[in-house]
Amino acid sequence: MASDPKIIPQGGVLSPEANQAAALAPYGGVLTVDLDAIVANWRKLEKTAVPAECGAVIKANAYGCGIAPVAGALAKAGCKTFFVATLEEARLARAAAPSAAIYVLNGYFQNTGDYYAKNDCKPVIGDLNELAEWDVFCRRTGWSGGAAIHIDTGMNRLGLTIAEAQAIIPRIHAGDHGITLLVSHLVAAELLNNPVNARQLAAFRQIASEFTGVPASLSNSSGIYLGASFQFDLVRAGAALYGVNPTPEADNPMQPVVELKARIIQIRNIDRGETVGYGGTWTARRPTRLAIIATGYADGYFRAASANDGTRGAEVVIAGKRCPIAGRISMDLMAVDITDLPPNAARRGHMATLIGEGITVDELAHHFGTIAYEVLTSLGPRFARIYKGGNAETPAEPAPAVAPAPSD
């Protein structure tokens, strides 16, 4: 098990466990990422998509799990293609996966060509002007690293229209075109019976058939489970790698990946009728024992998970038992009702489990009023990161500050 090199001290006479405990003391919580579970999820998705290749989406700092350790573990397991959102993410991915193909989903801008060449990565081009700018760079420098073409089949976000894509088909037939992948993105892949899936499939299949010899990719995590007709040559596994359910209309086939624990910093008792937290929206209906936990919305634990007198909020696990949140989540803290725990089961300094022990990222997303993607990408830098399994012997690079990218 390893963590960020700025967290774990080197040397010393203490045991590794004691060193680690001492190093984690300044942090209010610990986010543990199971790299073996990520690899197992990738293998399951790869098997489901055979004979298509299974690439990995590691944008937004690998959905908050860390680009360097995740890319390293997946590359070691055999993953050959990665997708990121930005050139900085591509740089981190390249360092961890030296021989992989790396595609940058946000595409090409003028004066960025040298960065693509330096990091040997490929833009995903979704505009004819962008394609022209890329061509100018390639002609000027002789760079032949290749690019993907993004076709919009219904998302109306990025991508060439079908008509624009048809206009460049003569270029494909002429050969030496430099296009290494054709991609599109599903609008509602998680909804099995949504008719937009069939419409997008038909549109993409038609245009892909005209891009002779160019590999094609349509499916994200959920798209993999729409069946073989959606899988083409390459699938782009994203959220499912990190334990998010790609089949929300059925049980989750993925292994959980992250565990989040936060420190109890105070135990306090209040009388019946007293309120807890900002606004006094939660009232004790009995003499109540509270655990105050060092995590709040500044850490990515959303205020929407709060409880009030009319609404039950999220739960955490303390001493093996689920305990409900009491009152509003604040910036740095939350209160939890531990009245039903045995005396001394929870003490100052103990850890509460916020994700794990049966609490999934999908469950937490429900309480947050959002999707699991946003839960993972919002977990903040005040948590110490620890990695187990995979290539955890290689410490993670400090997490870059990245905004949540669009869902995979």
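What you see is a predicted model, and the numbers here were worked out from it, not measured in a lab. All values below come from the heavy atoms of this structure, side chains included, with hydrogens, waters and symmetry mates left out.
A donor and an acceptor atom, one from each side chain of Thr360 and Asp362, are nowhere located under 3.5 Å apart. One side chain, Thr153 or Ser184, offers a donor N or O that lies under 3.5 Å from an acceptor on the other. Neither side chain, Thr353 nor Glu259, offers a donor N or O lying under 3.5 Å from an acceptor on the other. Side-chain contact of Thr32 with Tyr387: a donor-acceptor pair under 3.5 Å is absent, judged by distance alone. Inspection of the Thr247 and Asn245 side chains reveals an N or O donor paired with an N or O acceptor under 3.5 Å. Between the side chains of Asp309 and Thr283, at least one donor-acceptor pair of N or O atoms lies under 3.5 Å.
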Inset, instruction - Under the side chain to side chain contact (heavy atoms under 4.5 Å, CB included) rule, what do Tyr242 and Tyr373 come out as? Steps first, then yes or no, please. - result: CA-CA 9 Å; Tyr242 312 101; Tyr373 303 68; over 6 Å; no
Inset, instruction - Output, in order, the C-alpha distance, side-chain angles, deciding distance and verdict of salt bridge (Lys or Arg N to Asp or Glu O under 4.0 Å) for Arg322 and Glu363. - result: CA-CA 13 Å; Arg322 284 189 175 228; Glu363 176 185 334; 2.8 Å; yes
Inset, instruction - Applying side chain to side chain contact (heavy atoms under 4.5 Å, CB included), run through Leu181 and Ser217 and close with a yes or a no. - result: CA-CA 7 Å; Leu181 186 66; Ser217 176; 4.2 Å; yes
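The closest side-chain heavy-atom distance from Asp332 to Arg382 is below 4.5 Å. The shortest side-chain heavy-atom distance between Ile207 and Ile169 falls under the 4.5 Å cut-off. Val183 is not listed as a side-chain neighbour of Ile149, based on a closest heavy-atom distance of 4.5 Å or more.
Between Phe137 and Tyr116, the gap from one ring centroid to the other reaches at least 6.0 Å. A centroid separation of 6.0 Å or more is found between the aromatic rings of Tyr297 and Phe302.
Under a 3.5 Å cut-off, the side chain of Asn106 and the backbone N or O of Ala85 do form a donor-acceptor pair.
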